[in-house]
Amino acid sequence: MRVVLAEDSVLLREGLIRLLAEGGAEVVAAVEDGDALTAAVSTHQPDVVITDVRMPPSFSDEGLRAAAAIRQSHPGIGILVLSQYVELTYASDLMAGASAVGAGGVGYLLKDRISRLEDMMDALVRVKDGGMVLDPEVVAAAFNRRDGNTVSLLTPREREVLQLMAEGRTNAAIARQLTLSAGGVEKNISSIFTKMDLPPHLDDHRRVLAVLSWIRNGR
């Protein structure tokens with residue numbers, strides 16, 4: 001897996017390079033700002049981009065804006081955001097383009113909660129393969145802020161299933177965690193799609209759209 005990394009902290013950047021190499025990924029470029037990130041992606045055409053949100057010069061949303069530009073010019077590249085903060089607006093914006101056919105995967109993880117290399121590499125693989133990974137704290141924040149939207153139509157079990165979908169879990173993983181049969185998970189997901197008015201022709205992208213719906217409605 002070829003990775004372009006954007007992180008303005010030298011210590012964290014160098015630490016990530018070493019950890020990713022240990023996990024079997026190749027960091028083909030490591031930069032410290034958004035402009036350098038977009039340039040490195042054009043040069044190296046990586047499988048996945050890992051980026052911070054706040055970088056020089058203004059330390060506001062440079063990483064996110066660079067990620068959005070990369071999504072426009074290289075839609076098949078996966079984007080994994082590492083942040084110190086739960087930013088629902090950033091998560092929503094990042095997810096917005098993830099439902100397009102052929103779009104690369106997306107992820108949003110909190111730096112302080114990544115405690116194992118295996119978890120980091122698992123997230124990278126899922127994003128590389130077109131999947132979706134949201135930190136559980138981001139998921140919880142979105143649920144806590146919901147107000148009068150389609151999520152309110154879901155049963156408690158359907159909300160549990162949707163929360164695990166948002167974390168990037170497969171149907172098999174959801175079944176194990178909730179002690180449900182495979183058919184039970186599929187039935188709950190089908191009901192979620194129906195209540196959120198997501199028709200069958202959208203195929204697998206309905207999972208992304210379902211998650212994006214409650215993030216947007218919870219803001």
Starting from Val48, can I reach Val106 by hopping between I/L/V/M/F/W/Y residues whose side chains sit under 4.5 Å apart? no

Go through the steps to decide whether Leu178 and Arg157 satisfy the test side chain to side chain contact (heavy atoms under 4.5 Å, CB included), and finish with yes or no. CA-CA 9 Å; Leu178 299 181; Arg157 177 62 84 188; 3.5 Å; yes

Are Leu64 and Leu82 linked, directly or through intermediate hydrophobic residues, by side-chain heavy-atom contacts shorter than 4.5 Å (ILVMFWY only)? no

Apply side chain to side chain contact (heavy atoms under 4.5 Å, CB included) to Gln84 and Leu110, showing your working. CA-CA 5 Å; Gln84 292 180 310; Leu110 299 181; over 6 Å; no

Is there a side-chain contact between Val49 and Val3 in this structure, where contact means two heavy atoms from C-beta onward sitting under 4.5 Å apart? no

Atom pair CD/CG of Glu7 and Leu5 - distance to nearest 0.5 Å: 7.0 Å

Listed pairs under 3.5 Å, donor-acceptor, residues 23-44 side chains, sequence neighbours left out:
{"from": "Asp33", "atom 1": "OD1", "to": "Asp35", "atom 2": "N", "distance (Å)": "3.2"}
{"from": "Asp33", "atom 1": "OD1", "to": "Ala36", "atom 2": "N", "distance (Å)": "2.8"}
{"from": "Thr38", "atom 1": "OG1", "to": "Asp35", "atom 2": "O", "distance (Å)": "2.9"}
{"from": "Ser42", "atom 1": "OG", "to": "Thr38", "atom 2": "O", "distance (Å)": "3.2"}
{"from": "Thr43", "atom 1": "OG1", "to": "Ala39", "atom 2": "O", "distance (Å)": "3.1"}

Taking Arg169 for its side chain and Ala173 for its backbone only, find out whether a donor-acceptor pair lies under 3.5 Å. no

Indicate if Leu134 and Leu124 have the same hydrophobic cluster label, given that clusters are the connected sets of ILVMFWY residues with side-chain heavy-atom separations under 4.5 angstrom. no

Just to verify, what does Ser191 make a side-chain contact (heavy atoms from CB on, under 4.5 Å) with, not counting sequence neighbours? Glu158, Lys195

Listed by chain and number, what are the salt bridge (Lys or Arg N to Asp or Glu O under 4.0 Å) partners of Glu14, not counting sequence neighbours? Arg18

How close do Leu154 and Leu162 get, heavy atom to heavy atom, and via which atoms? CD1-CD2, 3.7 Å

Rounded distance [0.5 Å steps], CZ in Arg13 versus CD1 in Ile17: 7.0 Å

Could you point out which residue of Ile79, Leu20, Val127, Val81 forms a side-chain contact (heavy atoms from CB on, under 4.5 Å) with Ile50? Leu20

Show your reasoning for whether side chain to side chain contact (heavy atoms under 4.5 Å, CB included) applies to Leu117 and Met121. CA-CA 6 Å; Leu117 176 59; Met121 297 310 300; 3.9 Å; yes

In one Ile/Leu/Val/Met/Phe/Trp/Tyr side-chain cluster, 4.5 Å: Val125, Leu164: no

Please round to the nearest 0.5 Å and tell me the distance separating atom OG1 of Thr51 and atom CG of Leu80. 9.5 Å

Going through the distances and angles, do Leu12 and Lys111 end up as a side chain to side chain contact (heavy atoms under 4.5 Å, CB included)? CA-CA 10 Å; Leu12 183 53; Lys111 294 176 181 177; 3.7 Å; yes

Tell me whether Glu118 at atom CD has more than 12 heavy atoms from other residues, nucleotides or ligands lying less than 6.0 Å away. yes

Closest non-hydrogen atom pair, Met132 against Met165: CE-O, 3.4 Å

Interatomic distance, Asp52 atom CG to Asp61 atom CG [nearest 0.5 angstrom]: 11.5 Å

My understanding is that only one of Asp135, Leu16, Leu109, Leu19 makes a side-chain contact (heavy atoms from CB on, under 4.5 Å) with Ile114; could you say which? Leu109

Hey, does Leu180 have a side-chain heavy atom less than 4.5 Å from the side chain of Glu160? no

Between Arg54 and Asp8, does any side-chain N to carboxylate O distance fall below 4.0 Å? no

Non-neighbouring partners of Arg116 that pass side chain to side chain donor-acceptor pair (under 3.5 Å), sequence neighbours left out: Asp119

Under 6.0 Å from the NZ atom of Lys187, do we count more than 12 heavy atoms belonging to anything else shown? no

According to salt bridge (Lys or Arg N to Asp or Glu O under 4.0 Å), who are the partners of Arg2, at least two apart in sequence or on a separate chain? none

Going hydrophobic residue to hydrophobic residue with side-chain gaps under 4.5 angstrom, can you get from Phe193 over to Val161? yes

Pairs involving residues 120-134, ordered by first then second residue, that meet salt bridge (Lys or Arg N to Asp or Glu O under 4.0 Å) (sequence neighbours left out): Asp122-Arg126

